[in-house]
Amino acid sequence: MFGIFKKESAPPSPLKDNSRQRVESAFSQLTDTFSKESILNRKVLIPHHSDFPIRYNGDPRTATDTLAIVAAQMEIPIDDIELNIYDDTINALSTGAPGGVKIFLGAEPDPEPDHQSRAQTTTYTRNAAGKYPVTVEKSKLQNPELLVAKLARELAGIILSRQMQNSADPNTSNEPNEPKAPTENQAPTENQAHTGSQPHAETLIDFTTLVFGLGIFNANASFITKSLQPTDRLNQMEWGYALALFARLRNEQKPAWADHLVKNIKSDFVKSQQYLSHQNPK
């Protein structure tokens with residue numbers, strides 16, 4: 001009879017406590033070190049022709065054109081990047097690619113090598129030519145969302161690596177918009193160890209794409225390729241929570257960019273918004 005006066009129950013946390021704390025810690029770390037004003041005002045790119053006016057037909061030129069857009073968004077000079085395309089589809093050499101793009105031959109690399117080998121081989125350092133090598137699979141040239149997601153993560157790793165190198169060498173001039181990543185003696189690998197709720201290097205890379213306005217692509221990729229995702233990257237539910245933290249920071253209740261999230265990610269995003277709204281009402 002009096003049920004109408006019952007207080008509405010609080011929405012449950014969309015994540016377990018340790019995952020939620022890890023995501024919140026990584027987000028706080030990057031929003032503290034990047035310019036908050038830039039995060040608030042930066043355009044969020046969406047998987048639409050308006051942001052990527054490129055015809056994705058498998059031509060290697062699509063990779064160079066996409067890289068130009070992603071690099072500009074992430075404020076990295078395009079001349080600092082050497083783009084390579086790994087041919088994971090055929091065993092024949094393709095030459096004459098526009099833009100000086102190299103195409104390598106070979107079988108498709110293991111999408112999730114063992115942790116030790118990844119920690120030893122994955123680095124983001126300049127080569128002999130003074131450029132950061134970035135490699136993408138040829139199969140991604142006809143899948144623009146996965147191509148953008150891959151390029152965004154590679155450039156995010158470069159940003160984190162540069163900060164580490166600058167921290168190791170105080171005489172190196174700082175470059176703009178670089179987060180204070182956990183310092184190590186080498187560039188960040190995709191498998192640096194972490195404990196408890198502390199953010200892993202891969203988590204920081206994911207969040208770097210988010211604060212630079214490219215989170216939609218890696219969020220959607222986490223669902224599309226979830227069976228191949230390394231365990232220390234943000235999973236589908238964590239991406240939903242991360243996007244909700246991002247939207248809340250920007251005071252966006254119903255951001256238009258959320259319409260470009262795949263259905264499952266958007267559902268997690270909305271649940272996370274509801275949880276955050278109840279926990280920290282504005």
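- Note: Tyr241 OH to Leu234 CG = 12.5 Å, rounded to the nearest 0.5 Å.
- Across every non-hydrogen atom of Asp88 and Ser139, the tightest pair is OD2-OG, 2.7 Å.
- Judged by distance alone, with hydrogens and angles left aside, the side-chain atoms of Glu238 form a donor-acceptor pair with the main-chain N or O of Asn235 at under 3.5 Å.
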Task: Evaluation steps, side-chain contact (heavy atoms from CB on, under 4.5 Å), between Thr31 and Lys36 - done: CA-CA 6 Å; Thr31 54; Lys36 184 176 180 181; over 6 Å; no
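- Counted by atom type alone, Thr203 and Arg22 present one or more donor-acceptor pairs between their side chains at under 3.5 Å.
- Side-chain contact between Arg153 and Asn218 is present, with heavy atoms from C-beta onward closer than 4.5 Å.
- Of the inter-residue distances, the one linking Ile69 atom CD1 with Ile54 atom CD1 reads 4.0 Å to the nearest 0.5 angstrom.
- Here the CG-CG distance, from Leu141 to Leu146, works out to 11.5 Å after rounding to the nearest 0.5 Å.
- Ring to ring, Trp239 and Phe246 are not that close: their centroids are 6.0 angstrom or more apart.
- Counted within 6.0 Å of NZ on Lys131, heavy atoms from surrounding residues, nucleotides or ligands total more than 12; the atom is thus considered enclosed.
- Here the side chains of Pro14 and Asp268 are not in contact, with every heavy-atom distance at 4.5 Å or above.
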Open item on the list: Show, in sequence, the C-alpha distance, side-chain angles and deciding distance for Ile205 and Arg233, and conclude whether the side-chain contact (heavy atoms from CB on, under 4.5 Å) test is met.
Closed with: CA-CA 9 Å; Ile205 288 174; Arg233 289 180 57 175; over 6 Å; no
TODO: Evaluate the criterion side-chain contact (heavy atoms from CB on, under 4.5 Å) for residue pair Leu261 and Phe269; output intermediate values, then yes/no.
DONE: CA-CA 9 Å; Leu261 297 169; Phe269 167 69; 4.2 Å; yes
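- Shortest non-hydrogen contact noted between Lys266 and Ala258 is CD-O, 3.6 Å.
- Classified by interplanar angle (parallel below 30°, tilted 30° to 60°, perpendicular above 60°), the ring pair Phe52/Phe217 is perpendicular.
- Contact record, Gln273 with Pro255: NE2-CD, 4.4 Å, taken as the closest heavy-atom pair.
- Rounding to the nearest 0.5 Å gives a distance of 5.5 Å between CG of Leu276 and CG of Leu245.
- Ring geometry for Phe34 versus Phe212: interplanar angle over 60°, hence perpendicular rather than tilted (30 to 60°).
- The closest side-chain heavy-atom distance from Ile158 to Ile81 is below 4.5 Å.
- The shortest distance between side-chain heavy atoms of Asn84 and Val134 does not fall below 4.5 Å.
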- [ ] Take Thr62 and Arg55, measure what side-chain contact (heavy atoms from CB on, under 4.5 Å) needs, and give me the verdict at the end.
- [x] CA-CA 7 Å; Thr62 62; Arg55 183 184 179 192; 5.9 Å; no
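- The two residues Tyr132 and Tyr124 make their nearest non-hydrogen contact at CE2-O, 3.9 Å.
- With sequence neighbours left out, Gln142 forms a side chain to side chain contact (heavy atoms under 4.5 Å, CB included) with no residue at all.
- Inter-residue side-chain proximity for Arg126 and Asp80 is flagged as met; some heavy-atom pair is nearer than 4.5 Å.
- Put simply, NZ on Lys150 and CG on Leu155 are 11.0 Å apart, with the number rounded to the nearest 0.5 Å.
- Residue Ile85 comes nearest to Ala63 through the heavy atom pair CD1-CB, 4.1 Å, listed as atom of the first residue, atom of the second, then distance.
- Residues Asn143 and Tyr56 form no side-chain contact, since every pair of their non-hydrogen atoms from C-beta on lies 4.5 Å or further apart.
- Residue Leu15 holds its CG atom at 11.0 Å from NZ of Lys271, rounded to the nearest 0.5 Å.
- Between Lys43 and Asp51 there is a salt bridge, since a side-chain N of the basic residue sits under 4.0 Å from a carboxylate O of the acidic one.
- In this structure, the side chain of Ser222 engages the main chain of Ala219 through a donor-acceptor pair within 3.5 Å.
- Minimum interatomic distance between Leu30 and Leu204 (heavy atoms only, all atoms of both residues): CD1-O, 3.5 Å.
- For the pair Val262 and Gln236, the minimum side-chain heavy-atom distance is 4.5 Å or more.
- With contacts defined as side-chain heavy-atom distances shorter than 4.5 Å, the pair Tyr275/Arg20 qualifies.
- In summary, Glu75 and Arg42 engage in a salt bridge, as defined by a charged side-chain N under 4.0 Å from a carboxylate O.
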